[in-house]
Amino acid sequence: AQSVTQLDSHVSVSEGTPVLLRCNYSSSYSPSLFWYVQHPNKGLQLLLKYTSAATLVKGINGFEAEFKKSETSFHLTKPSAHMSDAAEYFCVVGNNNDMRFGAGTRLTVKP
Amino acid sequence: DTAVSQTPKYLVTQMGNDKSIKCEQNLGHDTMYWYKQDSKKFLKIMFSYNNKELIINETVPNRFSPKSPDKAHLNLHINSLELGDSAVYFCASSQVAKSSYNEQFFGPGTRLTVL
């Protein structure tokens with residue numbers, strides 16, 4: 001069985017400041033982990049993925065995430081937020097076509 | 001070319017009606033999925049099809065039935081629509097995982113409103 005918990009339902013940052021979206025996972029075997037982004041009234045877009053290669057994963061739009069097995073975490077970060085980053089972010093754990101989505105974190109970026 | 005497409009984009013209908021949502025992918029993937037996203041943005045997997053076989057079926061009412069005429073299509077039929085069926089439905093596809101990697105590609109979603 002596997003599951004994922006996004007620790008914050010809503011994160012608000014100012015433009016130009018760092019972003020941290022937290023995710024913890026549970027999996028009985030070596031997981032694949034993903035972050036997806038959903039802009040308002042849009043579909044889901046893959047930001048980045050971890051598949052047991054490098055633990056620090058770089059994605060699109062300046063986002064990156066670090067896989068920490070000891071902490072069962074896969075937090076998403078970005079050094080400097082842009083207004084266009086405002087969206088809903090989903091952490092996902094998946095294996096053998098069984099994908100489990102977190103409840104989502106809504107990121108608000110203030111000017 | 002659109003990788004995963006869904007039709008219609010919006011669907012407004014009366015309670016009790018029967019409706020279908022279509023999904024097509026041109027990625028050559030052999031697994032397709034349907035997800036339901038509720039008003040709180042929570043995504044729940046409903047079905048997946050791999051080579052025309054249902055391999056995941058969560059606790060979804062039997063009013064919902066997936067139909068896959070071929071590997072590139074997975075349609076969702078809903079009978080006797082209820083108010084609680086109002087949501088955004090997403091189709092997705094992926095390649096069958098030979099390892100643990102199984103990135104899914106999502107369609108744009110179909111917003112269903114039941115009146």
Side-chain angles (χ1 to χ4, degrees), chain A residues 1-6 8-11 21 23 25 27-54 57 59-60 67 69 74 86-108, chain B residues 2-7 9-10 21 23-25 27 29-51 53-58 74 87-113:
Chain A
Q2 51 193 7
S3 65
V4 63
T5 303
Q6 291 183 243
D8 307 293
S9 61
H10 183 209
V11 169
L21 305 182
C23 173
Y25 71 92
S27 179
S28 50
Y29 33 75
S30 182
S32 295
L33 292 156
F34 311 82
W35 276 98
Y36 282 85
V37 60
Q38 184 181 26
H39 288 94
N41 300 314
K42 299 287 185 184
L44 286 90
Q45 180 184 18
L46 181 69
L47 270 181
L48 50 80
K49 55 186 182 277
Y50 166 76
T51 55
S52 72
V57 182
I60 61 172
F67 173 72
K69 187 175 181 179
F74 190 58
E88 191 87 17
Y89 291 80
F90 294 94
C91 182
V92 183
V93 60
N95 212 310
N96 296 327
N97 293 315
D98 181 16
M99 300 277 274
R100 302 285 166 165
F101 281 74
T105 298
R106 181 163 59 94
L107 176 65
T108 301
Chain B
T2 303
V4 183
S5 60
Q6 296 177 228
T7 55
K9 188 173 182 180
Y10 300 96
I21 307 172
C23 178
E24 177 180 1
Q25 55 95 4
L27 296 166
H29 290 164
D30 44 23
T31 306
M32 296 182 70
Y33 311 80
W34 276 106
Y35 289 85
K36 179 181 180 181
Q37 185 177 45
D38 61 25
S39 58
K40 295 184 179 179
K41 300 293 185 181
F42 185 68
L43 267 158
K44 178 181 177 182
I45 189 166
M46 301 177 71
F47 303 103
S48 73
Y49 254 76
N50 183 344
N51 293 327
E53 291 185 62
L54 183 67
I55 57 175
I56 298 176
N57 187 344
E58 297 290 322
L74 182 65
V88 181
Y89 292 83
F90 286 99
C91 177
S93 73
S94 73
Q95 192 59 36
V96 171
K98 294 184 178 178
S99 62
S100 61
Y101 170 53
N102 57 348
E103 172 188 345
Q104 293 186 6
F105 293 80
F106 284 81
T110 295
R111 183 175 294 276
L112 171 64
T113 303

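None of the values given here were measured: they were computed from a predicted structure. Per chain, numbering begins at 1; letters A, B, ... match sequence-line order.
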Review point. If you measure from NZ on K41(B) to OG1 on T105(A), what distance do you get to the nearest 0.5 Å?
Key: 13.5 Å
Review point. With sequence neighbours left out, what residues match Y89(A) under ring pair (Phe, Tyr, Trp, His ring centres under 6.0 Å)?
Key: F63(A)
Point to revise | Point-to-point distance, once rounded to the nearest 0.5 Å, from CZ of F90(A) to CD of Q37(B) | key: 5.0 Å
Point to revise | Rounded distance (nearest 0.5 Å) linking atom OH of Y36(A) with atom CZ of F106(B) | key: 5.0 Å
Check your understanding: Relative to chain B, which segment of R106(A) carries a heavy atom at a distance below 4.5 Å: side chain, backbone, both, or neither?
Key -> neither
Point to revise | Distance (rounded to the nearest 0.5 Å) between F105(B) CZ and L46(A) CG | key: 7.0 Å
Review point. Non-hydrogen atoms of chain B under 4.5 Å away: do they reach the side chain of Y50(A), the backbone, both or neither?
Key: neither
Check your understanding: Under a 4.5 Å heavy-atom cut-off, does chain B meet the side chain of Q45(A), its backbone, both or neither?
Key -> neither
Check your understanding: Would you say the side chain of V92(A) lies within less than 4.5 Å of the side chain of L43(B), judging by non-hydrogen atoms?
Key -> no
